[in-house]
There are 2 protein chains.
Amino acid sequence: MQIATWNVNSLNVRLEHVLAWLEKHPVDALALQETKLTDDKFPRDAIREAGYETVFTGQKTYNGVALLTKTPAEDIAYALPGFEDDHKRVIAATVNGVRVIGVYCPNGQALDSPKFEYKLAWFEALASWLNTELQNHDKLVLTGDFNIAPRPEDTYDPERWEGRILCSPPERAALQTLLDAGLADCWRLFDEREGRHRFTWWDYRNGGWARNAGLRIDHVLATPALVDVCRECKAHVGERGRKRPSDHVPVVAEFDV
Amino acid sequence: MQIATWNVNSLNVRLEHVLAWLEKHPVDALALQETKLTDDKFPRDAIREAGYETVFTGQKTYNGVALLTKTPAEDIAYALPGFEDDHKRVIAATVNGVRVIGVYCPNGQALDSPKFEYKLAWFEALASWLNTELQNHDKLVLTGDFNIAPRPEDTYDPERWEGRILCSPPERAALQTLLDAGLADCWRLFDEREGRHRFTWWDYRNGGWARNAGLRIDHVLATPALVDVCRECKAHVGERGRKRPSDHVPVVAEFDV
DNA sequence: GAATACCCAG
DNA sequence: CTGGGTATTC
């Protein structure tokens, strides 16, 4: 079973990219972030014609998440319990017996911003909900755009990024709380691989892609039952080089289930 | 000698269209309207590489006119004398001994709008200047987007358009004043032609192009010395069917000079 | 419906 | 730099 995540930065603009990518990479579940579409404008039909059903929750301009699946999505959750604000950042479903939680975590903007407080509070609510979900699901994947680079080596320039937004101690602690609850970062199972691309996001600004000035902030976290059978976890870096790309690329994990 | 006019509705967006069209139709002079570019952003170099020199006068967002020529443009005028407001609507030059005046005439918005008053005042200033220009030039072409459909048959639906903006008596009188000064509408030399496309503009809204709901508001007016040797005057309607087209198409007149 | 400006976000 | 929203024009 293959599970992928992709922050598309507007599904309106990226629909053709997603459909073309799915045709080449028919994963079992694809979590999308930043669809930036209200539900009435979601391109459900075009995606259905490509062989995928979708569950989604979105809003205008910001956020918006979706889960594309080849088999039916069951027990759908559209928000963090107890954190039902107007940000559409969470979509979860059970797919083929695997609990898949797709998240678009807050960016936080800057350490001294109110949005940073919101980010930490949001992660607390996520961790709390994750614990209850873990009680019910042996096989669980938490995936999406976390807006946190876990380690110095997950940035193109640690000197520049350490301690700053996306790389600060409280953010990394928040991520660690999720791992401590019983998840592993699938990416790290393949850390030793030679010549591996290291990032999942490159800023549009300042020629980030041309300079390979990227970060690894999109993750696939999984429970031991899945980590034990994880065969692969990689970023499809080529998508960043297409015309009108998203600033994020797909990250795909494969499990022997 | 071929002289053409084209309201491009943003030269930024339409530059590739213009260059491709010029490659197929290497007219001697092309008057552009609605370039919507300040002079510092005019793509002079790209046009030069296509074999044309340009004179232009533009502004941000609105209006903006240019004259593209294969041979040097002389005696350039950038405005209506005595009507130097901030609208960039007029560019004139002598090309191969022919005086070419390119105009983007005001739209007028509605008969009861202050913009309608402006339109009529602007046409008066144009007529006044035209008279002095005619004293100096035997061969003269006045071309551009006039925002006036001269006759009922120059609209797709006379019942709907007669008397309204672009088709009102005072506007048609203003156009007639220009003709009375000593010009003829080259288009009408070929009125009897079979199966001829009748329009030069189709509204973006309501599927104007698909319904052929067009108007003839872009014109080539010429002095008798040119009318006598006018071989052709037609609209390049196919341009309206391209991707991301302007709402106007080129109108081309050919003279045996 | 298709442009542009200005604003905000990442 | 690349999205989206708003307002304005034609």
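Letters A, B, ... mirror the listed sequences (proteins, then strands); counts begin at 1. This is a predicted model, so every value here is computed, not measured.
For Arg164(A) and dG10(C), the CZ to P distance is 15 Å, given to the nearest whole Å. Rounded to an integer number of Å, the gap from Asn7(B) CG to dC10(D) C1' is 10 Å. In this structure, CG of Asn63(A) is placed 13 Å from C1' of dG3(D), rounded to the nearest angstrom. For the pair Asn107(A) CG and dG3(D) P, the interatomic distance rounds to 18 Å; values are reported in whole Å. Put simply, CH2 on Trp209(A) is 16 Å from C1' on dC1(D), counting in whole angstrom units. In this entry the distance linking CZ of Phe146(B) with P of dC10(D) reads 18 Å, nearest Å. Between Trp201(A) atom CH2 and dA9(C) atom C1' there is a gap of 12 Å when expressed in whole angstrom units. Rounded to a whole Å, the CG atom of Leu215(B) is 12 Å from the C1' atom of dC10(D).
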For nucleotides 6-8 of chain D, tabulate all protein N/O to nucleotide N/O atom pairs closer than 3.5 Å, reporting atom names and distance.
unit_1, atom_1, unit_2, atom_2, d
dT6(D), OP1, Lys60(A), NZ, 3.4

Tabulate atom names and distances for all N/O pairs under 3.5 angstrom spanning the protein and nucleotides 1-3 of chain C.
unit_1, atom_1, unit_2, atom_2, d
dG1(C), O4', Tyr204(B), O, 2.9
dA3(C), OP1, Arg14(B), NH1, 2.9
dA3(C), OP2, Arg244(B), NH2, 3.3

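Using a cutoff of 4.0 Å between basic side-chain nitrogens and carboxylate oxygens, Glu153(A) and Arg198(A) are not scored as salt-bridged. Asp185(B) and Arg216(B) are joined by a salt bridge, as a carboxylate oxygen and a charged side-chain nitrogen come within less than 4.0 angstrom of each other. The pair Arg151(B)-Asp154(B) counts as a salt bridge, with a side-chain nitrogen and a carboxylate oxygen less than 4.0 angstrom apart. Ion pair Glu239(B)/Arg14(B) not flagged as a salt bridge, since none of the NZ, NE, NH1 or NH2 atoms sits closer than 4.0 Å to an Asp/Glu carboxylate oxygen.
Checked against the 6.0 Å centroid criterion, the rings of Trp187(B) and His219(B) do not qualify as a close aromatic pair. Between His87(A) and Tyr104(A), a ring centre-to-centre spacing not shorter than 6.0 Å is recorded.
For the residue pair Ser10(B) and Asn12(B), no side-chain donor N or O sits within less than 3.5 Å of a side-chain acceptor on the partner. Glu34(A) and Asn7(A) share a side-chain donor-acceptor pair at under 3.5 Å. If you check the side chains of Ser246(A) and Asn9(A), you find no donor sitting under 3.5 Å from an acceptor.
OP1 or OP2 of dG10(C) lies within a sub-4.0 Å distance of a side-chain N or O belonging to Gln109(A).
Glu34(B) comes within 4.0 angstrom of no nucleic acid atom, judged by non-hydrogen atoms across all strands.
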